[in-house]
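Notes follow once the structure below has been shown.
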Amino acid sequence: MHVDLDAFYASVEQLRRPELRGKPVVVGGTGEPGERGVVAAASYEVRPFGVRSAMPLSRARRLCPTATFVPCDFPAYREASRAVFGVLDHYAPVIEPLALDEAYLDLTGQEALMGPPSAVAQRLRDEVKRGCGLDISIGVASCKLVAKVASDLRKPRGLVVVPAGEEATFLATLPLQ
């Protein structure tokens, strides 16, 4: 299972500052106009304007001048990540963190105890939302690569399960990028 918190830094900022919820938010730099730097995170509300992570902040300001630009607050992101990983710890004996906002969970041999992987994923997604206030997208597959691709397909709050033996068919339907 691959789990990925949706627009993590921006979501944490929207959670901490309720006045930003539902509004376009860009996280990066110091938040000062005219500064150089890149977008660390873009909320889903700012993405229709073409704003994406890793683009220059100056370009993001041109694309969406009405967005709220906030500086990175890594202590807050680490705290939110710890809370989410605290939830993940109850779902799998083996967790491989990739970053503050994503991890692989090995559910091998857990079905008798936890139930089918799709049900586990739904419970996990709901518990993270309820307990941490954050949305998470999940991909379930027989290997890490396919699980990662699956988790990216239906963001935000997506859940894609690729049954064992159907990996090639699943991947064949995706566009090359």
>> Quick check: do L153 and L174 have side-chain heavy atoms less than 4.5 Å from each other?
In response: yes
>> Would a single hydrophobic cluster contain both F74 and V12, if residues Ile, Leu, Val, Met, Phe, Trp and Tyr are joined by side-chain heavy-atom contacts under 4.5 Å?
In response: yes
>> Please check this pair: side chain of E166 against backbone of A164, looking for a donor-acceptor N/O pair closer than 3.5 Å.
In response: no
> Roughly how far, to the nearest 0.5 Å, is OG of S142 from CD of E167?
Replying inline: 3.5 Å
> Hey, does the side chain of R21 reach the backbone of L15 with a donor-acceptor pair shorter than 3.5 angstrom?
Replying inline: yes
> How are the rings of Y77 and Y9 set to each other: parallel, tilted or perpendicular (split at 30° and 60°)?
Replying inline: parallel
>> Using every non-hydrogen atom in the two residues, find where Y44 and K155 come nearest and quote the distance to one decimal.
In response: OH-CB, 3.4 Å
>> Ignoring hydrogens, what is the shortest heavy-atom contact between V87 and Y91? Give both atom names and the distance.
In response: O-CD1, 3.2 Å
>> Under 4.5 Å between side-chain heavy atoms, counting indirect links through other Ile/Leu/Val/Met/Phe/Trp/Tyr residues: same cluster for M1 and V161 or not?
In response: yes
>> Is the shortest side-chain heavy-atom distance between S81 and F8 below 4.5 Å?
In response: yes
>> Are the side chains of V25 and V27 in contact, using a 4.5 Å heavy-atom criterion?
In response: yes
> Any sub-3.5 Å donor-acceptor pair from S151's side-chain atoms to G139's backbone N or O?
Replying inline: no
>> Do Q110 and P93 make a side-chain contact, defined as non-hydrogen atoms from C-beta onward lying under 4.5 Å apart?
In response: yes
> Roughly how far, to the nearest 0.5 Å, is CG of D101 from CG of D6?
Replying inline: 9.5 Å
> Quick one: does V70's side chain get under 4.5 Å of R17's, heavy atoms only?
Replying inline: yes
> Would L159 and V162 show up in the same hydrophobic cluster when neighbours are defined by side-chain heavy atoms closer than 4.5 Å?
Replying inline: no
> Just wondering, are more than 12 heavy atoms of other shown residues or ligands nearer than 6.0 Å to CZ in R59?
Replying inline: no
> Under the 3.5 angstrom rule, does the side chain of Q14 hit a backbone N or O of K23 as a donor-acceptor pair?
Replying inline: yes
> Can you name the closest pair of heavy atoms from V46 and A67 and give their distance?
Replying inline: CG2-CB, 4.0 Å
> Ignoring hydrogens and geometry, is there a side-chain-to-backbone donor-acceptor pair from R52 to R47 under 3.5 Å?
Replying inline: yes
> Once you round to the nearest 0.5 Å, how far does CZ of F69 lie from SG of C64?
Replying inline: 7.0 Å
> Considering only heavy atoms from C-beta outward, does the side chain of I138 approach that of Q122 to under 4.5 Å?
Replying inline: no
> Can V94 be reached from V84 by stepping across I, L, V, M, F, W or Y side chains whose heavy atoms are under 4.5 Å apart?
Replying inline: no
>> Just verifying a value: how many Å separate T68 OG1 and E13 CD, rounded to the nearest 0.5 Å?
In response: 10.5 Å
> Is it true that a side-chain atom of R157 and a backbone atom of D135 form a donor plus acceptor pair closer than 3.5 Å?
Replying inline: no
> Does V149 belong to the same Ile/Leu/Val/Met/Phe/Trp/Tyr cluster as L5, with side-chain heavy atoms less than 4.5 Å apart forming each link?
Replying inline: no
>> Measuring from atom CZ of R61 to atom CG of L63, what distance do you get when rounded to the nearest 0.5 angstrom?
In response: 12.0 Å
> Are any of the side-chain heavy atoms of K148 and V146 separated by less than 4.5 Å?
Replying inline: no
>> For the CG atom of L100 and the CZ atom of R82, what is their distance to the nearest 0.5 Å?
In response: 9.0 Å
>> The criterion is side-chain contact (heavy atoms from CB on, under 4.5 Å); which residues satisfy it with P116, sequence neighbours excluded?
In response: E111, S118, A119
> Nearest heavy-atom pair of Y104 and H2: which atoms, and what distance?
Replying inline: CE2-CD2, 3.5 Å
> Going through the distances and angles, do V160 and V140 end up as a side-chain contact (heavy atoms from CB on, under 4.5 Å)?
Replying inline: CA-CA 6 Å; V160 176; V140 179; over 6 Å; no
> What closest approach, in Å, do V3 and I136 show between heavy atoms, and which atom pair accounts for it?
Replying inline: CB-CD1, 3.6 Å
>> Give me the atom names and distance for the closest heavy-atom approach of M55 to G50.
In response: CE-O, 3.1 Å
